[in-house]
J.: 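Supplied in structure tokens, the structure appears directly below.
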Amino acid sequence: MISLENVTVRAGKFGLQNVSFSVDQGKHAVLMGKTGSGKTTLLEAVCGLKPILSGRIVLHSRDVTRLKPAERGIGYVPQDGALFPFLSVGEHLAFALQIRRWNRSDISVRVDELATLLRLEKLLDRSVRGLSGGESQRVALGRALANHPDTLCLDEPLSALDDETRAEMCEVLGRVRDRTGVTVLHVTHSLSEARTVSDQMFVLREGVVYPQCSLTKEAEAPNT
Amino acid sequence: MAPRSDLPFYLSFGVIGGLYVALILAMLIADAFYTSPGHIWKSLQSREIQYSIRLSLLSCSLTAILSVWVALPIGYLMSRRDFRGKAVLDAILDIPIVLPPLVIGLSLLILFQTAPGRAFQRIMPVTYEIPSVILAQFSVACAFAVRTLRSTFEHINPRQEQVALTLGCSRSQAFWRVVFPEARRGIIAAMTLAWARSLGEFGPILIFSGATRLRTEVLPTTVFLELSVGNLEAAVSVSLLMVLAAVFVLVIIRVSGAQSTLRESG
């Protein structure tokens with residue numbers, strides 16, 4: 001479960017005050033809002049990349065408010081994937097495990113599992129330079145999932161993809177949720193993407209997060 | 001109406017630019033024709049010039065390593081962190097670039113005549129000794145390395161570092177495992193630039209290290225000393241060696257693909 005309780009966070013001159021919402025265990029929640037509404041700032045706060053001024057962030061019954069990103073048990077996929085250009089696809093999948101000093105055979109097993117889950121088997125030895133948009137995002141997803149995070153934070157991961165690849169990635173995200181049981185907080189401004197992947201939906205409007213029971217056109221951000 | 005030709009525009013720009021390129025090439029060609037391989041070979045036999053080549057290579061290499069070692073944290077912090085007084089610090093870091101070289105030499109000389117400077121020299125003599133050559137070169141070269149590395153880090157997506165933090169890295173691991181490998185080209189560019197700047201440094205060395213043969217004589221000092229005794233052939237021969245070194249540096253920059261980093265930092 002992801003729970004934000006009265007979170008106040010500042011990013012430059014912009015700030016969000018007393019934001020509260022919660023995502024149920026194992027659900028795929030989508031947070032929508034206009035460009036500049038603070039969706040990414042909230043996501044970064046959950047990841048520990050943006051310090052919060054007050055409030056509490058609880059991930060799976062653990063108060064992580066003051067924990068470093070590495071200690072929060074999260075996987076993070078930014079909009080552009082932010083792959084490491086000097087590593088191969090396989091090395092991306094192994095990165096978090098090497099940092100956490102897994103032994104070589106366990107890393108190899110886990111990399112194979114992820115490659116199968118994300119259909120990256122044939123790309124493992126390839127450099128990430130020259131991968132297609134969809135392939136890059138699958139690698140970024142695999143890298144984030146490697147250490148079995150409880151929470152997955154996705155920052156507009158499909159926004160740069162064409163319609164066909166986006167549909168493919170939505171299917172991949174569904175498979176990931178079904179197989180891993182990870183709780184997902186997914187920021188997007190695409191209503192169709194939200195309809196396809198979400199179990200829960202929230203809209204961030206003027207600094208307040210509203211649960212959205214039915215997905216209406218109103219939720220879609222007009223300026224994006 | 002027929003569109004007007006772009007030829008006059010490109011021609012005028014080409015002529016102006018071409019004149020400068022012609023000047024550079026003419027200087028090098030004049031140097032090359034002024035001397036002969038025999039003269040160069042004879043110069044290379046000189047004990048003083050051999051010493052000056054060795055000291056130049058050693059001091060420039062040490063300066064380049066030291067400059068990158070110092071510029072790496074400065075460049076990183078200046079590109080990634082915002083803090084009070086950053087603009088002032090930025091201006092301070094540019095002082096060695098804008099200050100006349102002789103003033104840098106004089107400032108170093110005065111610094112080592114202060115009480116702490118004299119105390120330091122009782123442990124390790126600096127002024128008019130080999131360490132003064134390295135310090136004089138470092139004072140200028142490091143500023144260029146800082147500029148280059150700052151530009152390098154500014155062009156590396158901070159998201160990669162943030163992702164590394166969520167994957168279990170400490171700040172230090174994220175730097176060494178994610179940022180550092182990506183900054184490789186910029187580091188080569190910074191090191192090469194620092195090396196090349198050091199090789200040509202003369203003013204600060206003349207003031208701070210003196211021009212003592214077989215002691216603090218580097219290649220620019222040799223050119224100066226040979227000219228002062230009217231030995232123009234030897235001065236030109238040593239100058240050509242420096243030209244070859246400069247060409248070597250340019251080749252390294254091209255091969256390492258660091259040209260863009262260098263261009264942006266300059």
Side-chain angles (χ1 to χ4, degrees), chain A residues 11-12 40 43-51 59 64 67-87 91-102 128-129 136-137 139-157, chain B residues 68 72 75-87 90 148-149 151-191 252-253 255-262 264:
Chain A
T40 295
L43 197 76
E44 287 176 348
V46 172
C47 292
L49 300 170
K50 189 80 73 188
L59 300 178
V64 300
L67 295 185
K68 288 184 181 300
E71 298 162 339
R72 297 190 176 204
I74 47 155
Y76 172 48
V77 180
Q79 185 174 357
D80 55 4
L83 297 180
F84 309 140
F86 47 89
L87 295 184
E91 286 166 338
H92 273 82
L93 302 184
F95 186 89
L97 312 177
Q98 286 167 344
I99 290 290
R100 293 171 197 276
R101 297 181 186 279
W102 282 35
V128 294
R129 294 176 203 270
S136 295
Q137 287 305 65
V139 175
L141 193 57
R143 178 181 62 182
L145 288 168
N147 192 43
H148 301 287
D150 299 317
T151 308
L152 188 60
C153 293
L154 310 176
D155 188 4
E156 305 200 29
Chain B
V68 167
L72 205 66
Y76 177 79
L77 292 174
M78 291 299 284
S79 76
R80 287 287 195 270
R81 308 298 300 184
D82 284 321
F83 49 87
R84 198 185 293 263
K86 186 175 174 180
D90 198 14
T148 308
L149 283 173
S151 162
T152 299
F153 290 128
E154 277 169 356
H155 283 83
I156 295 175
N157 184 357
R159 281 270 179 243
Q160 293 170 348
E161 220 173 326
Q162 292 178 335
V163 168
L165 293 176
T166 66
L167 291 171
C169 286
S170 62
R171 186 61 73 175
S172 162
Q173 283 174 315
F175 177 80
W176 291 110
R177 297 186 73 129
V178 174
V179 183
F180 185 78
E182 228 191 307
R184 194 184 64 243
R185 286 179 173 181
I187 291 167
I188 293 171
M191 195 174 276
I252 290 183
I253 291 173
V255 169
S256 71
Q259 183 76 7
S260 59
T261 310
L262 208 61
E264 282 149 11

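Each chain gets a letter, A, B and so on, in the order the sequences are listed, and its residues count up from 1. Values below: every heavy atom of this structure, side chains too, minus hydrogens, waters and symmetry copies. Everything numeric here is computed off the predicted structure, so don't read it as measured data.
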J.: So how far is it from B:Cys169 SG to A:Lys68 NZ, rounded to the nearest 0.5 Å?
T.: 13.0 Å
J.: Taking atom CZ as the centre, does A:Arg100 end up with more than 12 heavy-atom neighbours from other residues, nucleotides or ligands that are less than 6.0 angstrom away?
T.: yes
J.: Taking all non-hydrogen atoms of both residues, which atom of B:Arg159 and which atom of A:Ala82 are closest, and how far apart?
T.: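 So the two residues come closest at CB-CB, 3.7 Å.
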J.: For A:Ala144, which atoms come within 4.5 Å of any heavy atom of chain B: side chain, backbone, both, or neither?
T.: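 Contact with chain B: backbone only.
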J.: Would you say B:Asn157 and A:Asp80 make side-chain contact, with heavy atoms under 4.5 Å?
T.: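 Yes, at least one pair of side-chain atoms sits under 4.5 Å.
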J.: Would you give the length of the straight line joining atom CG of A:Leu87 to atom CD of B:Glu182, rounded to the nearest 0.5 angstrom?
T.: 9.5 Å
J.: Heavy-atom distances under 4.5 Å only: say whether B:Gln173 touches chain A with side chain, backbone, both or neither.
T.: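 It is the side chain, since no backbone atom gets that close.
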J.: Determine the option with the most heavy-atom pairs under 4.5 angstrom with chain B, choosing from A:Gly48, A:Pro69, A:Cys47, A:Pro149.
T.: A:Pro69
J.: Report yes if the side chains of B:Gln160 and A:Pro85 come closer than 4.5 Å at any heavy-atom pair, otherwise no.
T.: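 The answer is yes, as the side chains (C-beta and beyond) meet within the 4.5 Å cut-off.
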J.: Does anything in residues 70-78 of chain A reach chain B? List residues with heavy atoms under 4.5 Å apart, or say none.
T.: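 Counting heavy atoms that sit under 4.5 Å from chain B, the residues of residues 70-78 of chain A involved are A:Ala70, A:Ile74, A:Tyr76, A:Pro78.
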J.: Nearest 0.5 Å, what's the CZ-OG1 distance between A:Arg143 and B:Thr166?
T.: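 Going from the CZ atom of A:Arg143 to the OG1 atom of B:Thr166 covers 7.5 Å.
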J.: Under 6.0 Å from the six-membered ring centre of A:Phe84 and within 45° of its axis: does the NZ or CZ of B:Arg177 meet both?
T.: no
